[in-house]
J.: 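Can you keep this structure in mind? I'll have questions shortly.
Everything numeric in this text was worked out from a predicted model, so none of it was measured. Each chain gets a letter, A, B and so on, in the order the sequences are listed, and its residues count up from 1. Just the heavy atoms: all of them, side chains too, but no hydrogens, waters or symmetry mates, feed the values below.
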There are 2 protein chains.
Amino acid sequence: MTQRGTSRGSSHRVAPEHTHPDDVPVLTALAALADPVRIALVRELAGSPVWTRSCGSFDVPVGKAALSHHFSVLRAAGLVEQRDEGPKRVNRLRREEFDTRFPGLLALVLRED
Amino acid sequence: MTQRGTSRGSSHRVAPEHTHPDDVPVLTALAALADPVRIALVRELAGSPVWTRSCGSFDVPVGKAALSHHFSVLRAAGLVEQRDEGPKRVNRLRREEFDTRFPGLLALVLRED
DNA sequence: GCGACTGTATGGTTTTCATCGAACACTCGG
DNA sequence: CCGAGTGTTCGATGAAAACCATACAGTCGC
């Protein structure tokens with residue numbers, strides 16, 4: 001049963017589902033990056049120290065629901081890793097891993113021409 | 001000037017509109033490649049000598065109209081160049097130019113993992 | 001010129017995707 | 001325990017994109 005509440009039994013938040021870049025098809029990676037909001041997220045994330053940015057701290061013109069969905073897509077594409085830290089969910093760009101799987105792709109997105 | 005034909009009047013087919021890779025935003029390039037049919041076209045085209053493949057010679061599960069549209073997208077993304085040769089329109093993958101603008105991107109799509 | 005062949009344009013249908021509002025779940029500080 | 005803060009889920013909506021069938025426009029061989 002569910003022990004919840006009263007005195008014990010930890011009931012953590014469900015850990016986000018991650019996909020390793022190695023398990024990501026090219027099409028999925030491209031589709032994930034073919035969106036202006038997600039590109040903004042990746043760029044902003046790339047410009048910040050790891051594990052310092054919570055989901056809500058990004059400057060994108062969409063509501064919470066859409067934002068949550070975008071992060072879900074980025075996770076599924078192996079681009080972002082998330083960890084729960086207190087009430088917030090902090091992010092990390094999977095630079096190395098993703099670049100090993102798709103060499104140069106991240107660099108293309110990050111350079112602002 | 002352009003007189004074509006032997007001596008008169010010429011009413012050629014409208015030459016397809018091309019966009020040079022240098023004028024293509026990253027988002028457009030990614031969006032163009034984020035489609036299974038277009039990836040198939042690019043791959044098949046990459047495996048053939050230049051100017052040998054007409055639009056209708058590709059093995060993709062879509063009708064003529066959709067096919068024409070896909071080629072239009074590929075042209076706009078600077079991925080494909082087309083030339084009229086008799087009744088058919090033959091294609092060339094813009095390897096060098098595209099790779100100069102988006103280094104490594106084409107390689108990612110062409111390698112079948 | 002006629003007819004087969006190739007590709008484009010148009011109109012309409014279906015699907016996909018981004019988005020929002022509202023409800024819910026969890027964490028933490030009073 | 002309550003309430004503020006953070007993020008996910010659900011249902012619905014709207015826009016974009018893929019697709020097809022048809023009609024049209026060139027090119028070429030006869």
Side-chain angles (χ1 to χ4, degrees), chain A residues 2-18 27-28 30-41 45 51-77 80-91, chain B residues 4-6 8-18 27-28 30-41 45 51-77 80-92:
Chain A
T2 145
Q3 58 311 29
R4 153 90 68 255
T6 33
S7 42
R8 335 225 244 20
S10 60
S11 72
H12 298 312
R13 186 165 2 178
V14 265
E17 253 189 49
H18 286 107
L27 184 57
T28 303
L30 293 174
L33 291 171
D35 177 280
V37 174
R38 289 192 289 264
I39 284 193
L41 292 177
L45 192 53
W51 302 125
T52 62
R53 304 297 302 270
S54 67
C55 293
S57 72
F58 290 83
D59 186 27
V60 287
V62 296
K64 302 192 305 177
L67 191 56
S68 181
H69 167 252
H70 283 302
F71 273 107
S72 165
V73 172
L74 291 178
R75 278 199 313 269
V80 164
E81 189 181 1
Q82 295 185 316
R83 170 206 297 176
D84 286 337
E85 198 161 289
K88 17 189 87 170
R89 181 160 282 187
V90 290
N91 300 275
Chain B
R4 176 117 263 30
T6 25
R8 6 212 271 8
S10 78
S11 70
H12 296 314
R13 185 170 357 183
V14 264
E17 254 188 47
H18 286 107
L27 184 58
T28 303
L30 292 174
L33 291 171
D35 179 279
V37 173
R38 289 193 288 265
I39 284 193
L41 291 176
L45 191 52
W51 303 127
T52 61
R53 305 296 303 268
S54 67
C55 294
S57 72
F58 291 82
D59 184 27
V60 286
V62 295
K64 300 193 307 178
L67 190 56
S68 182
H69 166 253
H70 282 300
F71 273 108
S72 165
V73 173
L74 290 177
R75 279 199 313 268
V80 164
E81 188 180 3
Q82 295 184 315
R83 173 206 297 176
D84 286 338
E85 197 161 287
K88 15 188 90 171
R89 181 160 283 188
V90 290
N91 300 275
R92 177 184 83 87

J.: Given 3.5 Å as the limit, does a donor-acceptor pair link the side chain of His18(A) with the main chain of Gln82(A), or not?
T.: yes
J.: Quick check for you: among dC20(D), dT8(C), dC20(C), whose closest atom lies nearest to any side-chain atom of Val62(B)?
T.: dC20(D)
J.: Identify, between Ala65(B) and His69(B), the residue whose nearest nucleotide on DNA chain D lies closer to the 5' end.
T.: His69(B)
J.: When the distance from CZ of Arg13(B) to P of dC24(D) is rounded to whole Å, what number comes out?
T.: 18 Å
J.: Looking only at the side chain of Arg38(B) (C-beta and beyond, no hydrogens), which of the listed nucleotides dA18(D), dA18(C), dG7(D) gets closest?
T.: dA18(D)
J.: Quick one: does any side-chain atom of Ser57(A) pair with a main-chain N or O of Ser54(A) as donor and acceptor, under 3.5 Å?
T.: yes
J.: Under the 3.5 angstrom rule, does the side chain of Arg75(B) hit a backbone N or O of Glu17(B) as a donor-acceptor pair?
T.: yes
J.: Could you please name the option among dC19(D), dT8(C), dG7(D) that lies closest to any side-chain atom of Ala66(B)?
T.: dC19(D)
J.: Separation of Phe71(A) atom CZ from dT19(C) atom P, in whole Å?
T.: 13 Å
J.: Would you classify Asp35(A) as touching base, sugar-phosphate or nothing, given that sugar-phosphate means primed atoms plus P, OP1 and OP2, and contacts are heavy atoms under 4.0 Å?
T.: sugar-phosphate
J.: Ignoring the backbone of Val37(B), work out which of dC19(D), dT8(C), dA18(C) is nearest its side chain.
T.: dC19(D)
J.: I want to verify a distance call: between dG7(C), dT6(C), dC19(D), whose nearest atom is closest to the Cys55(B) side chain?
T.: dG7(C)
J.: Quick one: label Val14(B) by what it contacts on the DNA or RNA (base, sugar-phosphate, nothing), any heavy atom closer than 4.0 Å.
T.: nothing
J.: May I ask you to say what Lys88(A) touches in the nucleic acid, namely base, sugar-phosphate or nothing, with a heavy-atom cut-off under 4.0 Å?
T.: sugar-phosphate
J.: I want to verify a distance call: between dT27(C), dT19(C), dC5(C), whose nearest atom is closest to the Pro87(B) side chain?
T.: dC5(C)
J.: What is the nucleic acid contact for Ser54(A), judged by heavy atoms within less than 4.0 Å: base, sugar-phosphate only, or nothing?
T.: sugar-phosphate
